[in-house]
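Data block below; observations after.
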Amino acid sequence: MEERKVRVRFAPSPTGALHIGGVRTALYNYLYARQHGGDMIFRIEDTDSQRFVPGAEEYIMEALEWLGIKFDEGVGYGGNYGPYRQSERKDIYRKYVDILLENGKGYIAFDTPEELDAKRNEIANFQYDASTRMSMRNSLTMSADEVNAAIAAGEKYVVRFKIEPGEDVKVNDIIRGEVVINSSILDDKVLYKSADNLPTYHLANIVDDHLMEVSHVIRGEEWLPSAPLHVLLYRAFGWEDTMPRFAHLPLLLKPDGKGKLSKRDGDRLGFPVFPLEWHDPKSGEVSSGYREAGYLPEAVVNFLALLGWNPGNDQEIMSMDELIKLFDLHRCSKSGAKFDYEKGKWFNHQYLQLRSDREVAEMFMPIVEGKGYKCDIETLTRIVSLVKSRINFVNELWEQTAFFFVAPTEYEEKSVRKRWDEGMAARMEELIAIIEELPTMESKAAEEVVLGWITEKGYHMGNVMNAYRLAVVGYCKGPHMFDISEIMGREETVARLRKAIERLG
RNA sequence: GGCCGAUUCGUCUAUCGGUUAGGACGUAAGAUUCUCAAUCUUAAAAGAGGGGUUCGAUUCCCCUAUCGGCUACCA
């Protein structure tokens, strides 16, 4: 096989937010391009003017940028194969439609949607193909004059692909191997419509991939059934020798079983299906996004990469650079993967631990300020260091650390009953005296003295320590008590103890 | 309905004819501990069913079942 420069494309339709399956497709294309020193093209397939949603294109670009998936050329990036927006390539498509018309691979059809619907109702499993096209209103059944007259009269028409029946069309898929479909089951696909002078997906796709010298088409499995049609189109144009290699990715499925993951599942199941929050301009609906949910982009990338692919060993945590090195289309699985949100959380946890305390504190700072509290970054970093290991998301930090900023106004009842027994107030008074005499609040040193006192007096370790925690925190959860008091400081710690004694008696 | 694809623990997956079927998430137990987490250790947990091929099938073939995709002048 000839050496060809790897050129791949990600070609979404701007019909709304990019969903997570689309993100994975973009990611795999990107990994493949980078690994082979190839180009990654961003093309917009907006041939359906009806479904165009303003803002979708910008959304897709922003989402992929956030995830670190970069393009080399395309809409917004420039390049020598433009324009990259299909709606701006009308003249190009018209030219290729004419070629098909001239060489007899395509024909003009005047059947209206109503007429087609009538046929479908009349004949079960009606298909516009070799068996039926001679009974329809098209350039095969009408004379050239009639056709020209109809066009001149302004009748709307479409151009259909004339598929010869009875031929086994082979698609060689990198992931699935050879898939054979007989051309008889294919219908004469509409390639072009005069109503808006736009091609349909199939024609635009083939023309663009050819003209843009795309070497590999990596796309979702939903395209597998139309792959033979695409092969036939390459053949019809005489481009078979430079036809891209195909790789059809398994679909991302709903976590609870039925069907492929869809836009509605996110809100139904309580997790995002979009990379970024999406505001639907038509319905006004807001859908949650991974970024807003507190995900780190590298966690999303890693998680998504492993949904349908693995490196062949037990390694799970991989940076983008590692993924680029290790990715292999031949190691993609063939079956759909159910989306496992729990595992996604775990990935975010892992990546959060990889970030420094300082970085996490910087991400946390706006939340603290948003709650109306001030804290210097050094102190916040120390606070984060205590709880970072227990969180999956930055936005969980507040509930873990709020007691640093707000003194308890009430005390968890259950713990009070269990730990604040009679005489505890007196013991806490002793504790205050000890804390006030401590040479330092430093965790280890303070711990030694306080635990020494408890042991010496023969007090119940669990009760005293938990009462202490209850007084300072308000409930019996959280990091090492002496780490807390070190950061909180002597004055505040003692003040909280006094207040608890006063309130709990 | 037709066509295509898929099928290993609950989930993501490893295995490219011979393994005690491995790992991870989640779950459970234990360790640790002032608490709750985190962490560590351990455990339970799988080849859809039926036929072949073979000395030997999770692995190859066929059938069935199930799941999924496609079947538009949407992509």
Side-chain angles (χ1 to χ4, degrees), chain A residues 11-15 45-48 50-51 109 111-113 116-117 120 124-125 127-128 156-160 171 173 175-176 179-182 184-187 189-196 198-202 204-205 219-228 248 250-251 253-260 303 306-317 331 333-347 349 353 387-391 400 412 415 418-419 447 450-451 454 460-470 473 475-482:
Chain A
S13 230
T15 55
E45 309 219 329
D46 53 350
T47 52
D48 185 354
Q50 300 297 308
R51 295 209 307 158
D111 318 271
T112 64
L116 291 171
D117 276 345
R120 288 187 189 108
N125 298 325
Q127 189 165 282
Y128 209 121
K156 297 276 180 278
Y157 65 90
V158 299
V159 176
R160 285 183 181 271
V171 178
D173 189 277
I175 295 172
R176 282 149 214 286
V179 178
V180 182
I181 293 183
N182 194 281
S184 296
I185 65 126
L186 264 20
D187 64 342
K189 272 275 171 294
V190 170
L191 299 179
Y192 187 85
K193 41 217 192 317
S194 71
D196 53 9
L198 278 169
T200 60
Y201 171 82
H202 304 288
N205 195 264
R219 66 203 339 180
E221 192 189 341
E222 69 267 29
W223 293 110
L224 192 54
S226 52
H248 289 95
L251 263 17
L253 272 19
K254 295 177 199 290
D256 59 352
K258 312 264 175 213
K260 67 173 172 178
F303 172 50
L306 252 13
L307 236 38
W309 170 83
N310 71 81
N313 54 37
D314 291 340
Q315 191 182 2
E316 292 204 289
I317 300 297
R331 289 205 61 86
S333 54
K334 299 180 181 71
S335 51
K338 278 187 192 142
F339 193 83
D340 182 8
Y341 192 63
E342 287 303 318
K343 186 117 187 196
K345 287 187 193 168
W346 178 81
F347 271 105
H349 175 83
Q353 307 317 308
V387 296
K388 195 178 74 173
S389 70
R390 44 218 296 156
I391 58 158
Q400 294 281 340
E412 190 185 48
S415 302
K418 186 173 175 196
R419 305 293 190 181
E447 179 175 2
V450 173
L451 295 195
I454 296 173
H460 186 283
M461 182 70 73
N463 283 356
V464 173
M465 283 307 298
N466 276 295
Y468 181 21
R469 178 179 293 278
L470 203 49
V473 177
Y475 47 85
C476 289
K477 275 186 205 173
H480 196 63
M481 198 46 225
F482 296 98

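Hydrogens, waters and symmetry mates play no part in the numbers below; they use all other heavy atoms, side chains included. Chain naming here is simple, since letters A, B, ... match the order of the sequence lines and numbering starts at 1 in each. Fair warning: this is a prediction, and the values are worked out from it, not measured in the lab.
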Same-atom distance (P) from B:rG49 to B:rU8, integer angstrom: 11 Å

Regarding A:H480, tell me which of base, sugar-phosphate or nothing describes its non-hydrogen contacts under 4.0 Å with the strands shown. base

A:K334 atom NZ is separated from B:rC16 atom P, nearest whole Å, by 14 Å

Which of B:rU11, B:rC74, B:rA6 is nearest the side chain of A:R51? It is B:rC74

Would you say A:R469 reaches B:rA37's phosphate, i.e. side-chain N/O to OP1/OP2 under 4.0 Å? no

Quiz item: Using the P atom in both, what is the distance from B:rA29 to B:rU20, to the nearest Å?
Solution: 32 Å

Item to complete: Give a yes or no answer on whether the side chain of A:Q353 reaches the backbone of A:K388 with a donor-acceptor pair at less than 3.5 Å.
Response: yes

The Watson-Crick or G-U wobble partner of B:rU53, with both key distances under 3.5 Å, is none

B:rC40 -> Watson-Crick or G-U wobble partner, both distances under 3.5 Å, gives B:rG30

B:rA46 -> Watson-Crick or G-U wobble partner, both distances under 3.5 Å, gives none

Q) Between A:W346 and A:Y341, does the ring centre distance come in under 6.0 Å? A) no

With the side chain defined as heavy atoms from C-beta on, A:E316 is closest, among B:rG5, B:rA24, B:rU13, to B:rA24

### Task
Could you give the distance separating B:rU54 and B:rC61 at their C1' atoms, to the nearest angstrom?
12 Å

Side-chain atoms of A:S335 come closest, of B:rG5, B:rA6, B:rU35, to B:rA6

Note to self: Using a heavy-atom cut-off of 4.0 Å across all strands, would you classify A:N463 as base, sugar-phosphate, or nothing?
What the structure shows: nothing

Can you find a side chain N or O atom of A:T15 that sits less than 4.0 Å from OP1 or OP2 on B:rA75?
-> no

* Asked: What orientation do A:F339 and A:F303 show, parallel under 30°, tilted 30 to 60°, or perpendicular over 60°?
  -> perpendicular

If we ignore hydrogens and angles and just use 3.5 Å, is the side chain of A:D173 paired with the main-chain N or O of A:H248 as donor and acceptor? yes

Out of B:rC34, B:rG69, B:rC74, minimum distance to the side chain of A:T200 belongs to B:rC74

Which of B:rC70, B:rG5, B:rC12 is nearest the side chain of A:K343? It is B:rC12

A:S13 has its side chain closest, among B:rA75, B:rA38, B:rC12, to B:rA75

Query raised in the report: Hey, is A:K418 close enough to A:E412 for a salt bridge, meaning N to O under 4.0 Å?
Result: no

Separation of B:rC40 atom P from A:Q353 atom CD, nearest Å, is 11 Å

Out of B:rC73, B:rU11, B:rC3, minimum distance to the side chain of A:I181 belongs to B:rC3

If pairing means Watson-Crick or G-U wobble with both distances under 3.5 Å, then the partner of B:rA21 is none

A:D187 has its side chain closest, among B:rA75, B:rA72, B:rG69, to B:rA72

* Considering only the P atoms, how many Å lie between B:rG69 and B:rA21, rounded to the nearest integer? -> 35 Å

With sugar-phosphate meaning primed atoms plus P, OP1 and OP2, does A:N125 contact a base, only sugar-phosphate, or nothing at under 4.0 Å between heavy atoms? base

Of the candidates B:rC73, B:rU39, B:rC34, the side chain of A:M481 sits closest to B:rC34

Which of B:rA75, B:rC34, B:rU39 is nearest the side chain of A:Y201? It is B:rA75

query: So, is A:K338 near the phosphate of B:rU11, with a side-chain N or O under 4.0 Å from OP1 or OP2?
result: yes

Rounded P spacing from B:rC12 to B:rU53 in Å:
34 Å

Classify the side chain of A:K189 versus the base of B:rA72 as yes if they form a donor-acceptor pair under 3.5 Å and no if they do not. no

| message | Once you apply a heavy-atom cut-off of 4.0 Å, does A:S226 come out as touching a base, just sugar-phosphate, or nothing? | response | nothing

message: For A:Y475, does the six-membered ring have the charged nitrogen or CZ of A:R469 within the cation-pi criterion, i.e. under 6.0 angstrom from the centroid and within 45° of the normal?
response: no

As its Watson-Crick or G-U partner within any shown strand, both distances under 3.5 Å, B:rU15 has none

pair_partner(B:rC3), Watson-Crick or wobble, both distances < 3.5 Å, evaluates to B:rG69

Q.
Quick test of your reading of the model: are A:K338 and A:D340 salt-bridged, counting only N-O distances below 4.0 Å?
A. no

* A:K477 side-chain N/O to B:rA38 phosphate OP1/OP2 under 4.0 Å -> no

Exercise for review: Output yes when at least one side-chain N/O atom of A:N310 is less than 4.0 Å from OP1 or OP2 of B:rA14, else no.
Suggested key: yes

Worksheet entry | C1' spacing across the pair B:rG51 / B:rU15, given as an integer number of angstrom | 24 Å

- Task: Determine the interatomic distance between P on B:rA46 and the same-named atom on B:rC55; round to the nearest Å.
- Result: 31 Å

Review point. Expressed in whole Å, how much space separates the P atoms belonging to B:rG5 and B:rA43?
Key: 41 Å

